[in-house]
Q: 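Take this structure, written in structure tokens, and hold onto it; I'll ask about it next.
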Amino acid sequence: MKATARANTNIALIKYWGKRNETLILPMNNSLSITLDKFYTETTVSFEENLQEDQFFLNGQLASEMEIKKITNFLNIVRNKAGITLKARIDSTNHVPTAAGFASSASGYAALATAAAKASGLNLSKKELSILARQGSGSACRSIYGGFVEWQKGEMEDGSDSYAVPIASDWKLSIMSVMLEQKQKEVLSREGMKRTVETSPFYAGWLATIEDDLANIKQAITNRDFELLGTIAENNALKMHATTLGANPPFLYWQSGTIEVMEKVKELRISGIPAFFTIDAGPNVKVLCEPQYEEQVYQTLSQLDAVQEIFTCHPGSGAILKEGI
Ligand code: FM0
């Protein structure tokens with residue numbers, strides 16, 4: 001009744017932004033991401049006879065009651081499916097540089113779903129694992145697979161057709177994760193997307209453009225058209241962030257350093273180096289380029305005072321069970 005799994009985080013090129021069902025975590029729109037080869041979570045789940053409550057240790061420390069409650073809710077889904085009532089001990093380690101502030105919910109729930117399913121005796125397909133991980137955190141359903149991944153939003157009310165599928169491609173892009181100094185506490189993505197759906201007049205405009213963006217970026221992946229991929233990804237991120245300005249109360253994830261990096265990326269393009277940015281629910285910027293330009297992009301962005309550290313990532317693998325444990 002014990003299993004260990006590892007999952008990488010992912011970065012969306014077409015963003016998931018907004019839910020149509022908050023309990024089942026069903027999205028308003030399709031999204032598309034790249035699973036990275038850095039920043040992963042490793043989680044061991046052990047269902048045990050003698051436990052009265054679920055125990056959750058994050059990076060070696062007992063987690064807060066709120067975090068344990070979230071984990072218990074998630075494990076209840078697993079227990080129901082497996083027909084067991086045993087409580088579990090969960091040990092989870094985030095292998096994310098402390099300064100990074102990289103969202104770990106995607107790698108966290110992908111690893112937890114994979115380990116918990118195995119430990120409970122369930123033998124789930126990747127599709128079923130994706131559906132399970134989605135119920136912990138939406139973006140986690142994409143981290144079940146490696147490389148380019150599409151999360152198909154589905155139509156069903158029970159969420160049975162809302163899961164990720166891999167996109168066949170071995171295109172080795174570079175994703176430079178640019179870390180800035182964290183200046184203020186952010187609006188969490190869960191709260192931010194909810195507020196945006198409920199109050200932003202720009203939300204409808206965002207949704208209206210998704211299907212075109214998705215079709216174009218898939219075309220770009222098929223044709224290895226970097227210019228097109230980068231243009232769509234950058235524009236999609238800008239549109240997502242534009243919706244937050246129309247929310248009530250309004251909010252913005254960017255800091256001055258965020259804009260400095262965005263401007264540098266544009267300068268790089270003017271100087272003939274194809275590079276594009278994308279930004280999630282925080283101030284950090286991810287810069288996309290092809291491997292031959294990695295060094296130049298790295299050097300140029302390192303010069304900015306606001307930049308603390310840059311991590312060069314590439315497409316990585318999907319969630320895996322660790323053998324021999
Ligand atoms: O990853 O409320 O998965 O597509 O990162 O847990 O379902 O943390 F930029 C924002 C991720 C949102 C875009 O949201 O939310 C993306 C975002 P949950 P997540």
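Counting convention: from 1, in listed order, for ligands and their atoms alike. Heavy atoms only: backbone and side chains are in, while hydrogens, waters and symmetry mates are out.
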Q: Please list, in number order, the atoms of ligand 1 under 4.0 Å from a heavy atom of I25.
A: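 That gives atoms 7 (O) of ligand 1.
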Q: Partners of D225 by side chain to side chain contact (heavy atoms under 4.5 Å, CB included), sequence neighbours excluded?
A: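 In terms of side chain to side chain contact (heavy atoms under 4.5 Å, CB included), with neighbours along the sequence ignored, D225 is linked to A220, N223, E227, L228.
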Q: Below the 3.5 angstrom mark, is there an N/O of K19, backbone or side chain, next to an N/O of ligand 1?
A: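 Indeed, backbone or side chain, K19 has an N or O that close.
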Q: Atoms of ligand 1 less than 4.0 Å from A12 heavy atoms?
A: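 Listed by number with element: 1 (O), 4 (O), 16 (C).
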Q: Which atoms of ligand 1 have any heavy atom of S105 under 4.0 Å away?
A: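 Those atoms are 8 (O).
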Q: Between K69 and D54, does a salt bridge (charged side-chain N to carboxylate O under 4.0 Å, His left out) hold up when you go through it step by step?
A: CA-CA 9 Å; K69 203 169 172 296; D54 292 320; over 6 Å; no
Q: Could you tell me whether the side chain of D280 and the main chain of G282 form a donor-acceptor pair under 3.5 Å?
A: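 Checked: no pair found.
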Q: Ligand 1 and W17, any nitrogen or oxygen pair closer than 3.5 angstrom?
A: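 W17 vs ligand 1: no N/O contact under 3.5 Å.
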Q: From the options S31, G282, S137, select the one whose nearest heavy atom is closest to atom 6 (O) of ligand 1.
A: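 Heavy atom nearest to atom 6 (O) of ligand 1 belongs to S137.
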Q: Carefully, step by step, assess T278 and K15 under the rule side chain to side chain donor-acceptor pair (under 3.5 Å).
A: CA-CA 10 Å; T278 183; K15 306 292 185 191; 2.8 Å; yes
Q: Could you go through K218 and E150, starting from their C-alpha distance and side-chain angles, then the distance that decides it, and tell me whether this counts as salt bridge (charged side-chain N to carboxylate O under 4.0 Å, His left out)?
A: CA-CA 9 Å; K218 283 161 95 171; E150 181 185 355; 2.7 Å; yes
Q: Out of M240, R142, K15, indicate the one that has the non-hydrogen atom closest to atom 1 (O) of ligand 1.
A: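 The nearest heavy atom belongs to R142.
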Q: So, regarding G138 and ligand 1 (criterion: nitrogen or oxygen to nitrogen or oxygen, under 3.5 Å), is there a contact or not?
A: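 Between G138 and ligand 1 (N or O atoms, distance only) the closest approach is under 3.5 Å.
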Q: Enumerate the ring-ring contact (aromatic ring centres under 6.0 Å, His included) contacts for residues 212-237, please, sequence neighbours excluded, ordered by first and then second residue.
A: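 Qualifying pairs, neighbours excluded: F226-F276.
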Q: For ligand 1, which atoms sit closer than 4.0 Å to a heavy atom of R190?
A: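 Near R190, meaning under 4.0 Å from one of its heavy atoms, ligand 1 has 2 (O), 6 (O), 18 (P).
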Q: Side chains of W151 and S162: any donor to acceptor distance under 3.5 Å?
A: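 The criterion, which ignores hydrogens and geometry beyond distance, is satisfied for W151 and S162.
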Q: I'd like to check which ligand 1 atoms, numbered from 1 as shown, lie under 4.0 Å from a non-hydrogen atom of A281.
A: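 Numbered from 1, ligand 1 contributes 9 (F), 10 (C).
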